[in-house]
Amino acid sequence: MMKSKSTFRGFCEVARKISETRSTVRKTTIFAEYLQSLEQDECIELAAQFMGEGAFSSVSGKRASVGHRTVAVCASEFCDIDYDLVFRACRTATGSASESIEKLMENLPAAQNRIKPEFLSLGEVYEFYAKLEQTRKRDEKNSLLQAFWEKMTPLEIKFFIRIMSQGSLRIGFEARSIVNSFAKAWNHDTEEVRYAHMITGSLGKTALLCKNNDLESARFRLFHPISFMLASPVESRNAGDLAEYVAEEKFDGMRCQVHAEGASVKLFSRDMNDITVSFPELATFFSSLNPKAVVLDGEICVFRDDTIQPFQELQKRMGVKKPGKKLLNQFSVVFIAYDILYIDGTPVFDETLTQRRERLQTFCETHGIMMSRQFPLENDADVEQLFDMALAHGNEGLMLKRKDSTYEYGQRRKSWLKVKKPGGSVDTVIMYAHAGSGKRGGLYSDFTLGISVADDERYEEMFIPIGKAYGGYTDDELKKLNKAIKPLVADRFGSTLSLKPGIVVEIEFDDIQINKRTKAGITLRLPRFRAIRWDLSPSDADTLKDVEKLLEEKMNQKREKITENPAVIRS
């Protein structure tokens, strides 16, 4: 059994057990006990890394570099099925490519005949990721994947794919809980462990510091990202004693952390990825300032004609590693600072927001850096007025920040609150129901929602998917929904039901984004149930053209120039 636990198969069994467990405390205990069972430092580091970061450490700058389509096509060949006719339908039904691949490999003879599982070590799996990272040709990656999958069980293949895509394994066990497991496994104070993780930026390294009782060696290093402070949503405009807060407009951009010293500059995204090469104009700007060592927190926005442009334009820059002159000219960006984390050789995240703001203002005024403007608050009327002003400027809403708050890296508490208005709502039809896990086990709680294309000359179907929602309903509504879908079941794919059109759901969302990888060409950001419309029929559902019109309206919204916009201070 000990041998099994130290293998990749043992790791995957633990991941499955965590995914099937409802209690967060129990999930934490399961992983802590698993870590304790591992004797070698390499296994501990890789287990922590695979569980919460991916194939490589968040601060390594490495990626396995295998696209979703490459994986899907490779799996289709492995299972001897048609990609378009079979695999895509299965993926749509389950809502998950990795879940589909696991089910296909469990049930198709072609895959069963090829698989000869071995007890691969965690180190062997890591070495394979490293080989993939160095491989550039798609055909070579395809061959490597198929050869390696032959050594794995379907469960291992599923988690192998999820680890390869970096980040969460989607088992309800995120970085915060993983860090708590380290504290539990080796009897350390949780806050000390969390601080070490923030400093190192690596779950694997943090696990080893805990195991070797060496947390004190964790020191802040420039050019290694700090976990970002996060905001909690506030449903009502009333945040309590508003005099304790200041307001800032929430910009329609991309979160970014700037590390700079002299001519050296690095930019990091909220998921801790190095994005410096994607935004060379920002790297050049900060390098030209020749600043003393500093770390700034802020927002990247597309900036044209003295105006911040919609987020949809920034999307055209995101993920482009080396943008050409045309892209740089058409979608030029700026950085707007709103916090400072390190200055004059000293981390300042333990200072209050007011103290950090004074440092930030001095630094930005000295170097000519744009920064957010803060507004004092006294009552709800102030919040409403500022919120309406933010929307008029084309921004997402407001941020309310406690003046006495420290920089709570990696946390989502009440010190920062975001006041947002839904980006819109549409009436959709439930196309697929996916079985839940954890406390929702036994119920179908995740739903793929579709919009009508019945009269759209571009499509032959009646409905196409527009998003997946798994929240916004009450427990009673979910139970009623589960009863209502039973007579609508058209087909079953493992834990997923394909449904005949019958139930209409009004969903609201934060934003609309162009996504050419989807059939609709559009993605709704953070869709959730607003109401189950028992009074409507599928013929009442909104159309793709309705959603495209909403996107067009957002793109064409008039925005104020930066010189006229009180949300931004331009030094």
Side-chain angles (χ1 to χ4, degrees), residues 88-97 99-100 170 421-437 440 443-456 458-551 554:
R88 290 181 66 181
C90 293
R91 182 184 60 196
T92 300
T94 63
S96 166
E99 198 81 34
S100 299
R170 305 195 305 280
K421 179 181 179 181
S425 66
V426 291
D427 290 331
T428 63
V429 169
I430 299 180
M431 297 182 66
Y432 299 96
H434 312 280
S437 59
R440 291 174 177 170
L443 293 174
Y444 291 93
S445 57
D446 298 4
F447 302 95
T448 297
L449 303 157
I451 49 174
S452 175
V453 289
D455 298 322
D456 195 319
R458 296 169 293 178
Y459 299 91
E460 297 179 358
E461 301 94 327
M462 296 289 290
F463 298 93
I464 61 172
I466 191 64
K468 188 175 179 181
Y470 44 88
Y473 42 70
T474 65
D475 289 343
D476 288 341
E477 285 176 327
L478 184 60
K479 291 176 182 177
K480 183 177 179 181
L481 200 54
N482 271 254
K483 290 181 180 179
I485 64 178
K486 288 182 179 179
L488 299 175
V489 175
D491 208 344
R492 186 185 299 270
F493 308 90
S495 58
T496 295
L497 302 178
S498 173
L499 305 178
K500 293 177 286 189
I503 302 174
V504 177
V505 175
E506 181 184 3
I507 58 170
E508 63 181 17
F509 49 88
D510 282 4
D511 201 1
I512 308 175
Q513 298 175 353
I514 297 171
N515 186 350
K516 294 183 179 179
R517 293 185 298 177
T518 65
K519 193 156 196 174
I522 285 175
T523 294
L524 301 182
R525 186 163 177 250
L526 298 179
R528 63 270 186 190
F529 279 46
R530 184 175 182 180
I532 303 172
R533 298 300 303 268
W534 303 108
D535 57 318
L536 299 181
S537 69
S539 62
D540 297 311
D542 285 314
T543 68
L544 175 58
K545 291 181 179 179
D546 293 329
V547 180
E548 289 172 336
K549 185 177 179 181
L550 290 175
L551 174 60
K554 181 174 179 61

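- Contact between Gly502 and Pro538 at its shortest, heavy atoms only, is N-CG, 3.6 Å.
- At least one donor-acceptor pair closer than 3.5 Å links the side chain of Arg528 to the backbone N or O of Leu526.
- Once rounded to the nearest 0.5 Å, the distance linking CZ of Arg88 with OG of Ser100 reads 12.5 Å.
- To the nearest 0.5 Å, atoms CG (Asn515) and CD1 (Ile522) are separated by 9.5 Å.
- Here Glu506 contributes atom CD and Ile532 contributes atom CD1; the two are 11.5 Å apart, rounded to the nearest 0.5 Å.
- Between Thr543 and Asp455 there is no side-chain heavy-atom pair separated by less than 4.5 Å.
- Put simply, the side chain of Lys468 reaches to within 4.5 Å of the side chain of His434, judged on heavy atoms.
- Within the 4.5 Å cutoff, the side chain of Val489 has heavy atoms near those of the Leu499 side chain.
- In this structure, the side chains of Ile451 and Asp546 stay at 4.5 Å or more apart for every pair of heavy atoms.
- Below 30°, between 30° and 60°, or above 60°: for Phe447 and Phe529 the angle between ring planes is between 30° and 60°, a tilted geometry.
- Looking only at side-chain heavy atoms (C-beta outward), Leu550 and Val426 come within less than 4.5 Å of each other.
- Contact detail for Lys500 and Ala490: the closest heavy-atom pair is CG-CB, 3.9 Å.
- When each of Ile485, Leu488, Ile430 is checked for a side chain to side chain contact (heavy atoms under 4.5 Å, CB included) with Leu497, only Ile485 meets the rule.
- The closest donor-acceptor contact from the side chain of Thr428 to the backbone of Val505 lies under 3.5 Å.
- With values rounded to the nearest 0.5 angstrom, Ile503 atom CD1 is found 10.5 Å from Leu449 atom CG.
- Looking only at side-chain heavy atoms (C-beta outward), Leu478 and Ser445 come within less than 4.5 Å of each other.
- Between Lys519 and Tyr459 the shortest side-chain heavy-atom distance falls below 4.5 Å.
- In terms of modelled atom types and a separation under 3.5 Å, the side chain of Asn482 and the main chain of Tyr444 share a donor-acceptor contact.
- Residues Thr448 and Pro465 share a closest heavy-atom pair of CG2-CB, 3.9 Å.
- Closest approach of Asp427 and Asp542 over heavy atoms only: N-OD2, 2.7 Å.
- Between the OG1 atom in Thr518 and the CD1 atom in Ile466 there is a gap of 6.5 Å [rounded to 0.5 Å].
- The CG atom of Asp475 sits 9.0 Å away from atom OH of Tyr473, with the distance rounded to the nearest 0.5 Å.
- In terms of heavy atoms, Ile512 sits closest to Val547 at CD1-O, 4.0 Å.
- The minimum heavy-atom distance linking Phe463 with Ala541 is given by the pair CE2-CB, 4.1 Å.
- Side-chain contact between Arg458 and Leu544 is present, with heavy atoms from C-beta onward closer than 4.5 Å.
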